[in-house]
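Within every chain, numbering begins at 1; the chains are lettered A, B, ... in the order of the sequence lines, protein sequences first and strands thereafter. The shown structure was predicted, so the numbers you read here are calculated from the model rather than taken from an experiment.
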Number of protein chains: 2
Amino acid sequence: MDSPLVPFGRPPTERADAARNREVLLCTARAMIAELGAEHVTMDGLAERAGLGKGTVFRRFGTRAGIFRALLDAEEQRFQCEVLSGPPPLGPGGDPVDRLIAYGRARTRFLLERHEIARASFERKGPVPPAVGPNFSGPHIRMLLAQAALGLPDPDTLSLQLASALEGPALLFLVADLPPEGRAGCGQDDLGTLLADGWQTLIERIARR
Amino acid sequence: MDSPLVPFGRPPTERADAARNREVLLCTARAMIAELGAEHVTMDGLAERAGLGKGTVFRRFGTRAGIFRALLDAEEQRFQCEVLSGPPPLGPGGDPVDRLIAYGRARTRFLLERHEIARASFERKGPVPPAVGPNFSGPHIRMLLAQAALGLPDPDTLSLQLASALEGPALLFLVADLPPEGRAGCGQDDLGTLLADGWQTLIERIARR
DNA sequence: GACGTAACCGGACTTTACCCCGTTTCTGTC
DNA sequence: GACAGAAACGGGGTAAAGTCCGGTTACGTC
């Protein structure tokens, strides 16, 4: 009857109970984040509320940041799908400069909407946040820059820096814990507009020939 | 006899013993960082090695990150002096675009040389790193952009994004714990050159009229 | 030089991320 | 349906950040 949507999940690797527990933990985590805010979600609390042992939580996610990474990954995948196979200007097919601009707009919105989780997904030791960050943005920007044939030297470094310009403000340099209603004078939407427009200016200037 | 170099340190605020302990802690911290790496410096260890109580350490610096911030602050001040009152092209007096480029080069080098401490100066909770980050770079870039009279819309946001392009790679997106000898294939100097050149490209493109 | 106050000191205490390992549960095979 | 091996589970244990408060010490005043 309830045949699984995915015919064979991960062939030999991952037991059914493990998968189930992963889901339970992810759901519980989402609920706790919504309720308490990401920074008040503790591993003990999560385990207890999910009805599981602490060891299980760590086995599944390795580290506290791992939980938030896992949470992001799911949404990140949908985002990447849109970028890689959606309609233009975001998806393939349009002018690369337009795609760069559209990508920045979409990414800005994506990160701002999730910045609490994104920030929580950083490891305190260890270098790069494995899922967020330039791991997708960098290469994607790099590809579009190449397609745009702007004659730029060292597109590798440049795309890293552009990715940083795009993601840094949301991840690093912005007030993280704006209480639910937003900040005085500048809501999240306004901020998103400002950043998106700034990105567009940046790209237009760089692409100008 | 040994009259203090600074005639009156901080007029009424800060007792002599407190100041002395601050110095001791800062020195000890520097030594421990050099010896163990920033990430292995613990508050207990620092207190014990400095011959002080843990309470004292926290009273002085508030938080673990505070120690690294204090360490950076001293050097940051020297850096800012050079920028604000040194000779051109970094200091005032030259063409603003040249100053922007020179600033980026200097800042890149500064951050790369100190990225271990800079990364350790982040608070785990709480939003912005109060001393590092765009608190100096942002406004400075903003000022130079304005002087360059490039007709850019919203220089506030743009300078935030440029500051992020400049500092992000060193602070966020780089392998932090390169063991003392550096990484295979790309030493820190090479990396600095790449980032500095990338920054220059960025600025030149944006400034092109 | 004695005194009162305020700041400082120390270390025990709490909280939280993360580890370890004996025990339980699953899954494929006979 | 029972077995064996492997993987997952659980919760107590450790380390390190950060808090608290009673006792102590420095500094300005008389």
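Within 6.0 Å of the CZ atom in A/Arg109, the count of heavy atoms belonging to other residues, nucleotides or ligands does not exceed 12.
The residue A/Ala47 sits apart from the nucleic acid: no heavy atom pair falls under 4.0 Å.
If you take CZ of B/Phe61 and P of C/dC8, they are 13 Å apart, rounded to a whole angstrom. Atom CD1 of A/Ile67 is separated from atom C1' of C/dC18 by 12 Å (rounded to the nearest Å). Rounded to whole Å, the distance from CD on B/Glu123 to C1' on D/dG18 is 11 Å. Atom CG of A/Asp44 is separated from atom C1' of D/dG13 by 12 Å (rounded to the nearest Å). If you measure from atom CZ of A/Phe58 to atom P of C/dT16, you get 12 Å, rounded to the nearest angstrom. For the pair B/Glu48 CD and D/dA16 C1', the computed distance is 14 Å after rounding to whole Å. The nearest whole Å value for the distance from the CZ atom in A/Arg22 to the P atom in D/dA7 is 16 Å.
Using a distance-only test at 3.5 Å, with no hydrogens or angles considered, a donor-acceptor pair links the side chain of B/Arg99 to the main chain of B/Gly91.
Annotation: of the two residues near DNA chain D, B/Arg20 and B/Met43, the 5′-most nearest-nucleotide partner is B/Met43.
Phosphate contact (OP1/OP2 of D/dG18, side-chain N/O of B/Thr63, threshold under 4.0 Å): present.
B/Phe61 does not carry B/Arg59 over the face of its six-membered ring by the limits of under 6.0 Å from the centre and within 45° of the normal.
Using the six-membered ring where Trp is involved, B/Phe136 and B/Phe79 have ring planes that are perpendicular, over 60° apart on the 30 and 60° scheme.
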**OP:** Go through the steps for B/Thr193 and B/Asp190 under the test side chain to side chain donor-acceptor pair (under 3.5 Å), then give the verdict.
**Re:** CA-CA 5 Å; B/Thr193 305; B/Asp190 305 328; 5.5 Å; no

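Scanning all heavy atoms of the two residues, the minimum distance from A/Gln161 to B/Pro169 falls at CG-CG, 4.1 Å.
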Subject >> Letter per nucleotide, 5' to 3', of nucleotides 9-14 of chain C [B base touched, S only sugar-phosphate touched, - untouched; heavy atoms, 4.0 Å] >> reply: BBBBB-

